[in-house]
Amino acid sequence: MLAALGGRWHDVRVVTETGSTNADLLAEARNGAPEGLVLAAESQTAGRGRLGRRWASPPRAALTFSVLLRPREVPPGSRGWVPLLAGVAVAAVLSAEAGVAARLKWPNDVLVDGAKVAGILAEQAGDAIVVGTGINVSTRRDELPASGATSLVLAGAACADREYLLACVLAGLERRYLAWTGAVTQQDSVCKDRGGGLRAEYLRLSGTIGHPVRVLLPGGKELAGTAQDVDEVGRLVIRTASGLIPVSAGDVVHLR
């Protein structure tokens, strides 16, 4: 199934174990590897999340993979949408193919019934962006890294075939990536629809927008308000008592 993907993904590699698929592809990117390289691992022993967090996945329990992109035609200020675009691709596939009500939590989590089922990390090396995704597929409750996490099997998903889900996510990611890069140009760096309808799809899948949140900012500060929007560079816009404040980094806590 993966061999038949073609298109943007010209080289799909699967390894039994690695430390981090993101770290591996960042090294490939620095050595000049072209866009379209995909690396999936049956197990990761030193996976990375946001803010330097580390995690490991049990063998064959999760779908862990990274893709190498080089969106040269996209202005640097607009590339903050890359991990959000990947989140949309993952959430859409989990909803349509796995039959779970997947929602996006800004900036990089996919939730099912309020619990984290997947995470996304984008890292840059020169003009390359490596996007890593980890989806808990058959992970048991005692194998999950935190009490606020879940897996597709625990959520009662209709499909837990990792190869099939990977093929679907890659196909959806390619379609959205091509639409986004085609819509965002040097002449229109602030794309009104965030590129080929991406903003509308993101808002439809978001579990953050429109809800009260508390954002834990770098440096220990906090911001509370209502998540209003995602702007042209991928920042979360919070409506506070003092007005609209864009947030480029932070941990979001959904408030009831």
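To the nearest 0.5 Å, the span separating CD on Glu97 from SG on Cys168 amounts to 4.0 Å. From Thr16, atom OG1 reaches atom CZ of Arg60 across 8.5 Å, with rounding to the nearest 0.5 Å. To the nearest 0.5 Å, the span separating CD on Glu232 from OG on Ser78 amounts to 7.5 Å. Taking CZ of Arg235 as the start and CG of Leu84 as the end, the distance is 12.5 Å to the nearest 0.5 Å. Considering CZ of Arg199 and CZ of Arg204, their distance stands at 12.0 Å, rounded to 0.5 Å. The CG atom of Leu205 sits 5.5 Å away from the CG atom of Leu104 when rounded to the nearest 0.5 Å.
Tracing side-chain contacts under 4.5 Å through hydrophobic residues (I, L, V, M, F, W, Y), one never reaches Val117 starting from Leu154; they form parts of separate clusters. Linking ILVMFWY residues whenever their side-chain heavy atoms come closer than 4.5 Å, directly or via other members, places Trp106 and Leu217 in the same cluster. Cluster membership check: Leu144 does not share its hydrophobic cluster with Leu121, using side-chain heavy-atom separations under 4.5 Å among Ile, Leu, Val, Met, Phe, Trp and Tyr. No continuous path of hydrophobic side-chain contacts links Val153 to Ile135 [ILVMFWY only; heavy atoms under 4.5 Å]. Note on Leu68: it clusters hydrophobically with Val15, by side-chain heavy-atom contacts below 4.5 Å among ILVMFWY residues.
In this structure, Ala155 and Thr150 approach most closely via the heavy-atom pair N-OG1, 4.2 Å. Residues Ala249 and Pro218 come closest through the heavy atom pair O-CD, 3.4 Å. In this structure, Ser66 and Val130 approach most closely via the heavy-atom pair CB-CG1, 4.0 Å. Closest approach of Pro59 to Ser43, counting heavy atoms only: CA-CB, 3.9 Å. Scanning all heavy atoms of the two residues, the minimum distance from Thr64 to Ala41 falls at OG1-O, 2.8 Å. Across Leu173 and Ala86, no two heavy atoms sit closer than the pair CD1-CA, 4.0 Å.
Between the Asn22 side chain and the Gly132 main chain, a donor and an acceptor come within less than 3.5 Å of each other. Counting only distance, with no hydrogens or angles, the side chain of Ser95 and the backbone of Ala91 share a donor-acceptor pair below 3.5 Å. Trp9 places a side-chain N or O within 3.5 Å of a backbone atom of Leu170 that can act as its donor or acceptor partner. Looking only at distances, a side-chain donor or acceptor of Ser206 sits under 3.5 Å from a matching main-chain atom of Thr208. Although no hydrogens or angles enter the test, the distance criterion places no donor-acceptor pair under 3.5 Å between the side chain of Thr181 and the main chain of Pro71.
Within the 4.5 Å cutoff, side-chain heavy atoms of Arg176 are placed close to those of Glu201. Contact annotation: the side chain of Leu255 never approaches that of His211 to less than 4.5 Å [non-hydrogen atoms, C-beta and beyond]. Side-chain contact between Thr45 and Glu17 is present, with at least one heavy-atom pair separated by less than 4.5 Å. For the pair Val215/Ile238, a side-chain contact is recorded, criterion being any heavy-atom separation below 4.5 Å from C-beta on. Within the 4.5 Å cutoff, side-chain heavy atoms of Gln44 are placed close to those of Thr21. Looking at Arg214 and Glu222, their side chains come closer than 4.5 Å, going by heavy atoms from C-beta outward. Counting only heavy atoms from C-beta outward, the side chains of Val169 and Phe65 approach each other to under 4.5 Å. Looking at heavy atoms from C-beta onward, Leu152 lies out of side-chain contact with Asn136 at the 4.5 angstrom threshold.
The environment of CG in Asp113 is sparse: at most 12 heavy-atom neighbours from other residues, nucleotides or ligands sit within 6.0 Å.
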- Trp180/Val74 under side chain to side chain contact (heavy atoms under 4.5 Å, CB included): CA gap, chis, key distance, verdict: CA-CA 9 Å; Trp180 176 69; Val74 176; 3.6 Å; yes

- Item | Intermediate values then yes/no, side chain to side chain contact (heavy atoms under 4.5 Å, CB included), Ile120 and Val131 | CA-CA 7 Å; Ile120 294 160; Val131 184; 3.8 Å; yes

- Item | Evaluation steps, side chain to side chain contact (heavy atoms under 4.5 Å, CB included), between Glu123 and Ile129 | CA-CA 6 Å; Glu123 298 180 281; Ile129 300 177; over 6 Å; no

- Could you please spell out the steps behind the side chain to side chain contact (heavy atoms under 4.5 Å, CB included) verdict for Val230 and Tyr202? CA-CA 9 Å; Val230 176; Tyr202 183 91; 3.7 Å; yes

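Side-chain contact check for Ser151 and Thr139: no donor-acceptor pair (N or O, by modelled atom type) lies under 3.5 Å.
Note on Glu42 versus Arg162: salt bridge recorded, some NZ/NE/NH1/NH2 to OD/OE distance being below 4.0 Å. A salt bridge between Asp229 and Arg239 is absent, with no side-chain N of the basic residue lying under 4.0 Å from a carboxylate O of the acidic one.
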I'd like a table of donor-acceptor pairs (distance under 3.5 Å, sequence neighbours excluded) in which one partner is a side-chain atom from residues 28-37, with atom names and distances.
from	atom 1	to	atom 2	distance (Å)
Glu28	OE2	Arg13	NH1	3.1
Asn31	ND2	Ala27	O	3.2
Glu35	OE1	Arg70	N	2.6
Glu35	OE1	Tyr177	OH	2.5
Glu35	OE2	Arg8	NH1	2.3

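The one candidate from Val253, Asp251, Leu111, Val213 that meets the side-chain contact (heavy atoms from CB on, under 4.5 Å) condition with Lys105 is Leu111.
In the hydrophobic clustering, Leu244 connects to Val237, either directly or through intervening members, whenever side-chain heavy atoms lie under 4.5 Å apart.
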